[in-house]
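Everything below concerns the one structure shown next.
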Amino acid sequence: GFWRAVKIRSLAKNTLEGLRFCVLGLGDTNYDKFCHMGKSIDARFAELGAERVLPLGCADEATGLEEVVDPWLDSCVEMIQQKLLSA
């Protein structure tokens with residue numbers, strides 16, 4: 001239901017304006033559409049006017065998810081801490 005609602009092409013380009021987001025995609029490069037859902041959500045949120053606060057993370061089960069997940073989570077926590085301290 002979530003993806004069906006977000007991908008509706010008639011949504012205004014500012015539907016998600018004011019929303020900040022970051023996406024961590026989990027996938028496996030042994031499959032053709034590596035992290036397809038994460039990439040799709042990241043792109044669609046940006047299309048709808050949301051502000052990306054961290055680059056898209058694409059973690060690969062084939063090489064070890066932690067290689068991407070751990071640094072991405074560290075960046076996410078650091079960004080949140082900075083936002084809280086500056087508020």
Side-chain angles (χ1 to χ4, degrees):
F2 166 76
W3 181 240
R4 277 193 298 274
V6 170
K7 73 177 184 175
I8 295 170
R9 289 291 158 194
S10 61
L11 291 174
K13 295 297 180 187
N14 65 348
T15 298
L16 297 179
E17 192 172 294
L19 176 73
R20 295 178 177 167
F21 76 99
C22 53
V23 176
L24 174 62
L26 304 177
D28 188 324
T29 50
N30 290 309
Y31 294 91
D32 292 336
K33 293 187 175 185
F34 172 66
C35 288
H36 177 73
M37 199 73 249
K39 292 174 182 177
S40 297
I41 290 170
D42 181 79
R44 187 63 178 147
F45 272 35
E47 287 174 4
L48 294 174
E51 176 190 353
R52 184 182 293 111
V53 294
L54 288 177
L56 169 67
C58 291
D60 185 1
E61 177 69 29
T63 60
L65 292 173
E66 63 281 345
E67 288 182 24
V68 172
V69 172
D70 291 344
W72 188 91
L73 285 174
D74 290 343
S75 295
C76 189
V77 168
E78 182 181 326
M79 184 265 311
I80 291 168
Q81 287 173 334
Q82 287 176 359
K83 296 290 182 188
L84 290 174
L85 291 175
S86 66

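Positions are given from 1 along the sequence. Every heavy atom of this structure was used, including side-chain atoms; hydrogens, water molecules and symmetry mates were not. Nothing here was measured: the structure is a model prediction, and the numbers come from that model.
The two residues A62 and T29 have their closest heavy-atom pair at CB-OG1, 3.6 Å. K39 and L56 make their closest contact through CG-CD2, 3.7 Å (heavy atoms, listed as atom of the first residue, atom of the second, distance). Here the closest heavy-atom approach between residue V53 and residue C22 is recorded as CG2-CB, 4.2 Å. F34 and G27 make their closest contact through CE1-C, 3.7 Å (heavy atoms, listed as atom of the first residue, atom of the second, distance). Scanning all heavy atoms of the two residues, the minimum distance from V69 to L24 falls at CG2-CD2, 4.1 Å. For the residue pair C76 and L54, the shortest heavy atom distance occurs at CA-CD1, 3.5 Å.
Here ring-ring contact (aromatic ring centres under 6.0 Å, His included) pairs that include residues 41-87, with residues two or more places apart or in two chains, are F21-F45.
In this structure, NE2 on H36 lies 9.5 Å from CD1 on I41, to the nearest 0.5 angstrom. To the nearest 0.5 Å, the span separating CG on L65 from SG on C58 amounts to 11.5 Å.
Applying the side chain to side chain donor-acceptor pair (under 3.5 Å) rule to E78 yields the partners Q82; only residues at least two apart in sequence or on another chain are considered. Qualifying side chain to side chain donor-acceptor pair (under 3.5 Å) partners for T63, counting only residues two or more places apart in sequence or in other chains: none.
By the 6.0 Å contact criterion, CZ on R52 is enclosed, its count of non-hydrogen atoms from other residues, nucleotides or ligands being greater than 12.
Taking hydrophobic clusters as Ile, Leu, Val, Met, Phe, Trp and Tyr residues chained together by side-chain heavy-atom distances below 4.5 Å, V23 does not share a cluster with V68. Side-chain heavy atoms closer than 4.5 Å link hydrophobic residues (I, L, V, M, F, W, Y) into clusters, and following such links, even through other members, never connects F2 to L26. When hydrophobic clusters are built by joining Ile, Leu, Val, Met, Phe, Trp and Tyr residues whose side-chain heavy atoms come closer than 4.5 Å, directly or via intermediates, L85 is not grouped with M79.
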> Do L19 and L48 pass the side-chain contact (heavy atoms from CB on, under 4.5 Å) test, and can you show the C-alpha distance, the side-chain angles, and the key distance before you say yes or no?
Replying inline: CA-CA 10 Å; L19 176 73; L48 294 174; over 6 Å; no

> Step by step, would you call E47 with K7 a salt bridge (Lys or Arg N to Asp or Glu O under 4.0 Å)?
Replying inline: CA-CA 10 Å; E47 287 174 4; K7 73 177 184 175; over 6 Å; no

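In this structure the side chain of D28 reaches within 4.5 angstrom of the side chain of D60, judged on heavy atoms.
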